[in-house]
Trainee: 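Have a look at this one.
Letters A, B, ... mirror the listed sequences (proteins, then strands); counts begin at 1.
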Amino acid sequence: MSILINKNTKVLVQGITGRDGSFHTSKMKAYGTNVVAGVSPGKGGQLMDGIPVYNTVEDAVKATGADTSIIFVPAPLAGDAILEASEAGIDLVICISEGVPTLDMVKATNYLKKKGTKLIGANCPGLITPGESMIGILPVDIFKKGNVGLMSRSGTLTYLMVSLLTNSGLGQSTCVGIGGDPVAGLYYQELLQMFEDDPQTEVIVLIGEIGGDAEERAAQYIKEHITKPVVAFIAGQTAPVGKRMGHAGAIISSGSGTAAEKIAAFEAIGVPVARRPVELPDLVKKALADRK
Amino acid sequence: MSILINKNTKVLVQGITGRDGSFHTSKMKAYGTNVVAGVSPGKGGQLMDGIPVYNTVEDAVKATGADTSIIFVPAPLAGDAILEASEAGIDLVICISEGVPTLDMVKATNYLKKKGTKLIGANCPGLITPGESMIGILPVDIFKKGNVGLMSRSGTLTYLMVSLLTNSGLGQSTCVGIGGDPVAGLYYQELLQMFEDDPQTEVIVLIGEIGGDAEERAAQYIKEHITKPVVAFIAGQTAPVGKRMGHAGAIISSGSGTAAEKIAAFEAIGVPVARRPVELPDLVKKALADRK
Amino acid sequence: MKIHEYQSKEIFSRYSILVTNETVCYSTEEVVKATEELGLPVVVKAQVHAGGRGKAGGVKLARTMEEAKNAAHSILGMDIKGYKVEKVLVAQGVKFNSEFYVGLTIDRNSKSVIFMASSEGGVEIEEVAKDNPDAIHKFVIDPDLGMTAFLARKIAFKLFTDFALVKQAVDLFQKLYQIFLDTDASLVEINPLVVTDDGKLLALDGKMNFDDNALFRQPKIAALDEPTEDEKKEIAAKESGLTYIRLDGTIGCMVNGAGLAMASMDVIKYFGGNPANFLDIGGSSNPQKVITAMNLLLSDKNVKVIMINIFGGITRCDDVAKGLIIALDQMKVDIPIVIRLSGTNAEEGLRIISEHNLPTVNSLSEAAQEAIRLANN
Amino acid sequence: MKIHEYQSKEIFSRYSILVTNETVCYSTEEVVKATEELGLPVVVKAQVHAGGRGKAGGVKLARTMEEAKNAAHSILGMDIKGYKVEKVLVAQGVKFNSEFYVGLTIDRNSKSVIFMASSEGGVEIEEVAKDNPDAIHKFVIDPDLGMTAFLARKIAFKLFTDFALVKQAVDLFQKLYQIFLDTDASLVEINPLVVTDDGKLLALDGKMNFDDNALFRQPKIAALDEPTEDEKKEIAAKESGLTYIRLDGTIGCMVNGAGLAMASMDVIKYFGGNPANFLDIGGSSNPQKVITAMNLLLSDKNVKVIMINIFGGITRCDDVAKGLIIALDQMKVDIPIVIRLSGTNAEEGLRIISEHNLPTVNSLSEAAQEAIRLANN
């Protein structure tokens with residue numbers, strides 16, 4: 001088992017003929033991801049790395065039965081692409097595009113909620129169920145099948161964390177990059193519940209960062225609903241107030257959204273927080289050993 | 001039994017302090033309708049005919065548990081009033097106001113659908129379950145408890161029809177004025193199903209008029225889903241093309257929406273159509289006698 | 001409310017939709033001048049609030065100045081479905097190689113704005129709807145999303161294969177939807193939408209109708225109204241709280257309620273008579289309203305008899321009867337009147353009317369038959 | 001992106017929201033002239049992109065011309081939280097009897113625009129949020145409905161009992177939401193919103209921030225940007241595909257990825273060092289980007305050592321190493337560099353770097369400790 005995706009997931013790539021879209025499509029395909037279709041308006045009828053390209057998501061879904069979509073279109077068009085995927089009946093949308101206007105995400109997330117479509121991102125590296133399916137831009141070599149469920153607001157930091165886990169013999173069930181934007185799709189709460197419900201996952205790693213209060217809310221949710229052990233890391237302990245640290249959502253606004261608050265929230269409910277990335281594997285091992 | 005309303009329905013009046021609102025509130029109350037609250041922004045705290053007035057629907061619902069709302073506010077404000085009622089958790093909204101802009105109704109009906117709120121109108125006379133509750137501007141004296149379920153796009157024509165039925169000894173389960181606007185709330189299809197499911201109702205009267213193809217769709221629905229006898233009347237056999245006959249929705253557009261088409265649609269599926277109002281009671285009696 | 005083609009295209013232009021170069025003209029001289037400025041060929045088109053101008057001879061292509069002059073001469077003053085042509089639109093001839101239909105309207109069933117598109121442009125869409133309904137693509141627009149780029153693309157791919165045209169169409173469709181919302185339209189139509197020889201989408205003709213209920217918040221649109229004489233009467237009636245529509249029969253009708261008014265006309269027709277009008281006086285017993293209504297009926301010289309049909313509901317029949325008596329006392333009515341009252345306090349109302357020596361009848365059928373008898377006298 | 005108070009109020013004015021009569025001034029002379037025109041009393045307010053102006057002495061009431069002059073003199077040139085005051089706003093004094101707070105922002109949790117309102121206006125809202133959170137009313141705005149009249153009324157009734165004020169507030173709140181949407185704002189705030197002596201709602205102060213991701217479609221807003229020198233550097237970096245934020249430490253950091261960059265800074269801090277900056281060079285191995293990044297780091301005179309931390313993902317470490325070598329070959333770097341590579345092809349990358357006699361370390365902790373040692377040398 002795993003969460004969200006597995007080897008049967010039928011993937012559609014929106015923006016498949018673009019530079020990033022075509023590059024990562026080939027990478028995904030090479031990993032074994034079941035990429036069934038691409039969409040690129042005006043390029044319907046072409047083939048990209050053997051994958052049929054359609055003008056609209058509706059056409060692609062009708063022709064191939066794709067149930068999951070990954071979006072590589074430029075940020076100004078990403079909100080529309082998310083809506084198109086949802087309207088065409090896609091179940092899970094992964095938006096890689098960085099720089100999507102927040103109000104576009106407000107509109108998109110609101111619509112997807114009504115339609116029951118799940119979204120990951122925008123501004124995220126995607127997700128992977130090691131050995132089965134990778135939908136995103138993740139470096140597949142560092143992942144290994146196992147029982148750690150991981151979610152993170154960051155990209156390369158996640159790769160570092162996953163490397164450390166894998167090198168310590170800790171494989172992963174599913175790793176989800178939830179993205180660095182203030183308004184995004186699936187977040188800690190939903191993913192915590194999915195990992196809780198996933199038999200393969202035995203321990204959950206949550207990698208947060210400054211900005212907003214999602215980590216505090218996650219702590220509350222863990223306290224009330226999660227029985228599996230959780231280990232956390234929070235980036236940005238040295239970030240100044242009022243500056244966006246690379247991610248649009250990583251900003252401390254007048255005294256709220258600091259790493260210290262988030263770390264305190266987790267530790268208050270008994271979730272260990274690694275102070276440095278290198279501490280993570282041991283904390284995970286300890287959590288596994290300590291669990292009832 | 002009855003449909004939509006009964007003596008337990010707790011009614012809130014939006015626009016209770018206006019000329020029409022106050023007049024008809026007293027009429028409803030006199031009939032025995034359970035009017036529990038009124039709303040009139042800026043007049044919260046007052047009493048109208050003994051009924052407490054609130055500034056917002058939310059306040060009124062919290063204080064009184066009202067589940068049904070009737071709207072008497074001026075047409076430009078009616079769309080907002082419908083939304084307010086729905087957002088505050090009202091189950092059934094009856095909008096009397098005439099002249100509501102169509103795009104306001106598009107917005108309102110779309111929102112209500114998502115919220116699961118039922119709407120009757122706008123531009124309608126309301127509805128009555130004789131002997132239990134009247135929510136609208138209907139002349140209560142002509143109604144009599146019985147087994148005819150009636151729905152109509154018209155006001156005074158309905159009163160005439162109901163008089164004829166009552167005078168012939170045919171009482172009514174519930175009579176619903178669905179209103180004369182092109183975009184309206186509950187329509188034939190939903191009400192036909194409610195009457196079908198209502199044990200008290202033994203025969204259904206449908207009073208239609210020119211404009212749109214709702215009657216044709218109703219005929220199709222009756223054919224497929226309704227087992228109880230239905231009798232119809234269609235107003236506007238002499239209406240010219242391209243003119244709105246009083247009701248915003250009563251217009252024959254380039255050859256569609258004529259009375260002849262609607263009558264033909266009903267007769268094609270065996271629903272008798274009265275040519276003159278006076279023929280209705282006998283057709284209803286015959287339908288009751290003929291039913292299996 | 002309807003507006004003329006040229007007014008619709010002025011609105012399109014404001015949203016940067018490409019339309020023909022064109023000028024409105026009120027005389028043959030103006031047509032000549034406009035043709036000189038625009039250059040030949042031109043198309044001269046009657047500007048009236050009626051469909052089927054082409055079939056009626058209201059649209060003419062002019063390849064020479066002589067033809068332009070003749071077109072102007074023959075079209076100006078022409079009568080199209082009861083509308084007198086007082087102005088024509090002189091539009092620069094455009095070379096194009098395909099014609100499409102696009103339109104937006106309200107769909108009662110989905111309770112939404114609907115977008116219609118067809119490759120069979122340039123002909124009356126009602127005919128396409130009858131002969132080849134599958135040729136019209138219909139798309140319900142989700143009010144929460146509006147005309148998204150992806151929906152516009154989905155529609156555009158139904159009409160075009162050339163992606164350059166698809167991109168133009170996406171922009172055009174989004175603008176049309178915006179126009180629909182911004183103006184509280186009930187219909188926005190381009191027919192035909194053409195692809196010009198240089199690959200541009202251009203609105204060769206345009207049509208817009210508006211939601212009368214929303215005109216209060218659309219003062220700029222309301223200002224475009226050009227009612228005919230009959231429509232002016234209808235508007236004046238509306239301002240007095242009456243709904244009046246003139247027809248061509250001999251029996252003037254005065255009824256309370258729109259549905260009942262239609263049913264009353266139907267009953268007259270059923271017995272072989274012809275109603276002279278639709279007239280709904282609403283729910284009031286105000287004598288002034290009755291006087292206004294009477295004056296409306298009497299202003300129609302075809303009216304031979306007046307049939308009054310009132311159903312007392314919230315309004316009591318005795319009140320209505322009193323209003324009627326006061327009204328009739330104050331004016332001279334020299335044609336017969338048939339009065340039928342029923343509903344709340346009908347007996348009392350009938351008594352009041354009888355006391356004033358006015359004829360009353362007991363049923364709508366009787367009223368209609370009596371009115372027909374009197375009209376045929 | 002932030003704009004000044006006076007710019008926010010100019011936008012409010014365009015939507016017919018009442019603001020104080022006011023003039024922006026760049027010198028004491030201009031302040032005197034503005035005061036003459038506006039009439040005494042006036043309020044002189046520093047225009048800088050920093051909160052807490054009042055506490056810093058950047059806002060002064062002037063009842064006489066002398067006071068106005070003094071206020072201008074003391075405020076112009078003042079430093080507020082690192083921002084030099086180059087202009088002041090001279091605003092006509094307004095008599096008012098109550099102060100409120102209203103603001104709109106994005107709520108991450110509900111993924112919607114949220115409206116905040118409080119009767120405790122005129123003080124910093126963050127303080128109210130801490131001391132008396134119940135005094136702030138929060139309303140999530142349904143994106144499908146927007147700021148409906150009923151929602152605006154619901155909010156207004158929380159602040160006002162006088163219905164005349166409620167009606168004004170409804171209009172004001174709907175306009176503020178429209179401004180938020182129209183400008184792709186991330187924050188719109190009026191604090192305080194006052195009730196003037198003649199019963200009008202007036203924005204005494206105004207604040208707006210904007211979504212950087214949406215500036216591409218907001219050219220008028222983007223044109224209002226007035227970056228400081230540090231911010232100009234950040235913007236220039238952004239244009240080269242880098243995210244750079246200057247801090248006040250001594251260890252220059254160059255990292256790929258925002259989260260990793262933050263974590264690297266945190267590790268430096270963990271071992272007692274101080275990062276000089278946040279610098280995310282993204283996912284590229286382009287030598288030009290490395291050169292630009294190096295130049296950014298070297299332009300900061302506080303930087304004593306450079307720590308490079310790269311995690312190879314899709315980008316391979318050997319490619320990054322080659323980019324680094326080319327970059328370092330092309331420029332003179334006279335401070336020590338500590339390089340840490342890991343992830344895809346890290347070994348090959350480290351070999352390439354070692355061949356060029358550059359120091360490499362094996363872990364982030366080691367890199368941080370080595371950098372601190374070198375910085376303290």
Side-chain angles (χ1 to χ4, degrees), chain A residues 23-24 27 75-76 99-107 109-111 113 125 137-139 141-142 152-160 163 180-184 207 209-214 217 233 235-240 243-250 254-256 259 275-278, chain D residues 50-51 106-109 111-113 124-126 129-130 142-144 180-181 184-187 211-217 234 243 245 247-249 255-263 265-270 274-275 278 280 283 310-316 342-344 363-365 368:
Chain A
F23 177 78
H24 291 291
K27 291 263 177 196
V100 185
T102 306
L103 286 177
D104 292 3
M105 290 306 296
V106 167
K107 183 175 180 181
T109 52
N110 175 57
Y111 181 75
K113 193 174 152 196
I137 59 173
L138 299 161
D141 294 346
I142 58 173
S152 171
R153 283 167 71 179
S154 165
T156 45
L157 175 59
T158 306
Y159 311 160
L160 169 64
S163 293
D181 279 352
V183 172
I207 300 172
E209 63 189 28
I210 54 160
D213 64 352
R217 288 177 185 272
F233 177 84
Q237 298 171 54
T238 46
K243 288 285 185 185
R244 295 199 180 274
M245 304 303 279
H247 293 151
S254 6
S256 83
R275 283 303 188 281
R276 288 176 295 151
V278 73
Chain D
I106 296 287
D107 178 47
R108 294 175 184 218
N109 188 43
K111 301 173 190 186
S112 301
V113 181
E124 280 192 43
I125 196 67
E126 291 81 7
K130 269 184 195 146
D142 183 329
D144 294 336
F180 194 95
L181 293 191
D184 272 301
S186 55
L187 178 74
D211 176 8
D212 293 334
N213 285 347
L215 288 178
F216 72 91
R217 64 185 177 199
E234 293 170 14
T243 308
I245 294 164
L247 301 169
D248 51 10
V255 189
N256 66 330
L260 190 58
M262 279 191 272
M265 291 158 56
D266 294 348
V267 172
I268 290 171
K269 190 84 177 180
Y270 179 86
N274 278 308
F278 169 95
D280 170 13
I310 302 293
F311 191 93
I314 295 299
T315 314
R316 288 155 42 185
S342 62
T344 316
S363 75
L364 177 49
S365 296

Trainee: If you define the side chain from C-beta out and look only at heavy atoms, does anything of A/Pro240 sit under 4.5 Å from D/Leu247?
Mentor: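 Yes, their side chains come closer than 4.5 Å.
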
Trainee: At what distance, to the nearest 0.5 angstrom, does CG of D/Asn213 lie from CZ of A/Arg244?
Mentor: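 Result: 8.5 Å between the selected atoms.
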
Trainee: Atom OG1 of A/Thr109 and atom NZ of D/Lys111: how far apart are they, to the nearest 0.5 Å?
Mentor: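 It is 6.0 Å, given to the nearest 0.5 Å.
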
Trainee: Which heavy-atom pair separates D/Asp266 from A/Gly236 by the least distance, and what is that distance?
Mentor: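 In terms of heavy atoms, the two residues are closest at OD2-N, 2.7 Å.
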
Trainee: Measure A/Ile207 against the heavy atoms of chain D and call it side chain, backbone, both or neither at under 4.5 Å.
Mentor: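 Looking at A/Ile207, nothing touches chain D.
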
Trainee: Restricting to non-hydrogen atoms, name the atom on A/Pro182 and the atom on D/Arg108 that form the minimum distance, rounded to 0.1 Å.
Mentor: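 Shortest heavy-atom contact: O-CG, 3.3 Å.
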
Trainee: Are any side-chain N or O atoms of A/Ser163 and backbone N or O atoms of D/Gly343, one a donor and one an acceptor, separated by less than 3.5 Å?
Mentor: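 It does not hold such a pair.
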
Trainee: Do A/Tyr159 and D/Leu260 touch side chain to side chain, with heavy atoms closer than 4.5 Å?
Mentor: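 No, side chains not in contact.
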
Trainee: Tell me, for A/Glu209 versus chain D, whether the close heavy atoms (under 4.5 Å) come from the side chain, the backbone, both or neither.
Mentor: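 Side chain only.
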
Trainee: State whether a side-chain donor-acceptor pair under 3.5 Å links A/Asp213 with D/Asn109.
Mentor: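 Not at all, the side chains of A/Asp213 and D/Asn109 share no donor-acceptor pair under 3.5 Å.
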
Trainee: Can you tell which part of A/Tyr111 gets under 4.5 Å to a heavy atom of chain D, answering side chain, backbone, both or neither?
Mentor: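 A/Tyr111 has no heavy atom closer than 4.5 Å to chain D.
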
Trainee: Working to the nearest 0.5 angstrom, can you tell me the gap between D/Ser363 OG and A/Arg276 CZ?
Mentor: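 D/Ser363 OG to A/Arg276 CZ: 8.0 Å, rounded to 0.5 Å.
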
Trainee: Does any heavy atom of chain D fall under 4.5 Å from the side chain of A/Ala259, the backbone, both, or neither of them?
Mentor: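 Neither part.
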
Trainee: Between D/Ile106, D/Asn274, D/Val255, D/Leu364, who has the most heavy-atom pairs with chain A when the cutoff is under 4.5 Å?
Mentor: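 Winner by heavy-atom pair count: D/Ile106.
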
Trainee: Which atoms of A/Arg153 are under 4.5 Å from chain D, going by heavy atoms: the side chain, the backbone, both sets, or neither?
Mentor: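 Only the side chain of A/Arg153 comes within 4.5 Å of chain D.
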
Trainee: Please give me the minimum heavy-atom distance between D/Phe311 and A/Ile142, naming the atom from each residue.
Mentor: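 Of all heavy-atom pairs spanning D/Phe311 and A/Ile142, the closest is CZ-CG2, 4.3 Å.
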
Trainee: Checking A/Thr102 against chain D: side chain, backbone, both or neither under 4.5 Å from a heavy atom?
Mentor: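 Contact with chain D is through both the backbone and side chain of A/Thr102.
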
Trainee: Count the heavy-atom pairs under 4.5 Å between each of A/Ala239, A/Gly99, A/Ala184 and chain D, then report the option with the highest count.
Mentor: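 Heavy-atom pairs under 4.5 Å are most numerous for A/Gly99.
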
Trainee: Considering non-hydrogen atoms only, spot the tightest contact between D/Asp211 and A/Leu103 and give its length.
Mentor: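 Scanning both residues completely, I find the closest heavy atoms to be OD2-N, 4.4 Å.
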
Trainee: So what's closer than 4.5 Å to chain D heavy atoms on A/Pro125: side chain, backbone, both or neither?
Mentor: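 Neither part; nothing is under 4.5 Å.
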
Trainee: Write down the atom of A/Pro101, the atom of D/Arg217, and the distance for their closest heavy-atom approach.
Mentor: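 Minimum heavy-atom contact is CB-NH2, 3.2 Å.
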
Trainee: Using 0.5 Å steps for rounding, measure from the CE atom of D/Met262 to the CD atom of A/Gln237.
Mentor: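 D/Met262 atom CE to A/Gln237 atom CD measures 11.0 Å (nearest 0.5 Å).
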
Trainee: Given heavy-atom pairs under 4.5 angstrom as the criterion, report whether the side chain, backbone, both or neither of D/Ile310 touches chain A.
Mentor: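 When you check distances to chain A, no heavy atom of D/Ile310 falls under 4.5 Å.
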
Trainee: Chain A heavy atoms under 4.5 Å from D/Glu234: which part of the residue, side chain, backbone, both or neither?
Mentor: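 The answer is the side chain of D/Glu234.
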
Trainee: Name the option with the most non-hydrogen atom pairs under 4.5 Å to chain A; the candidates are D/Ile245, D/Val267, D/Thr243.
Mentor: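 Answer, by heavy-atom pair count under 4.5 Å with chain A: D/Ile245.
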
Trainee: Using every non-hydrogen atom in the two residues, find where D/Ala263 and A/Leu157 come nearest and quote the distance to one decimal.
Mentor: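 Shortest heavy-atom separation between D/Ala263 and A/Leu157 comes out as CB-CD1, 3.6 Å.
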
Trainee: Out of A/Gly180, A/Ala250, A/Gly212, A/Gly155, return the one with the most heavy atom pairs under 4.5 angstrom to chain D.
Mentor: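 The option with the most such pairs is A/Gly212.
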
Trainee: Side-chain contact test, heavy atoms from C-beta onward, threshold under 4.5 Å: evaluate it for A/Lys107 versus D/Pro143 and give yes or no.
Mentor: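 Counting from C-beta outward, A/Lys107 and D/Pro143 never come under 4.5 Å.
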
Trainee: Could you look at A/Val100 and say if it's the side chain, the backbone, both or neither that has a heavy atom under 4.5 Å from chain D?
Mentor: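 Only the backbone of A/Val100 comes within 4.5 Å of chain D.
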
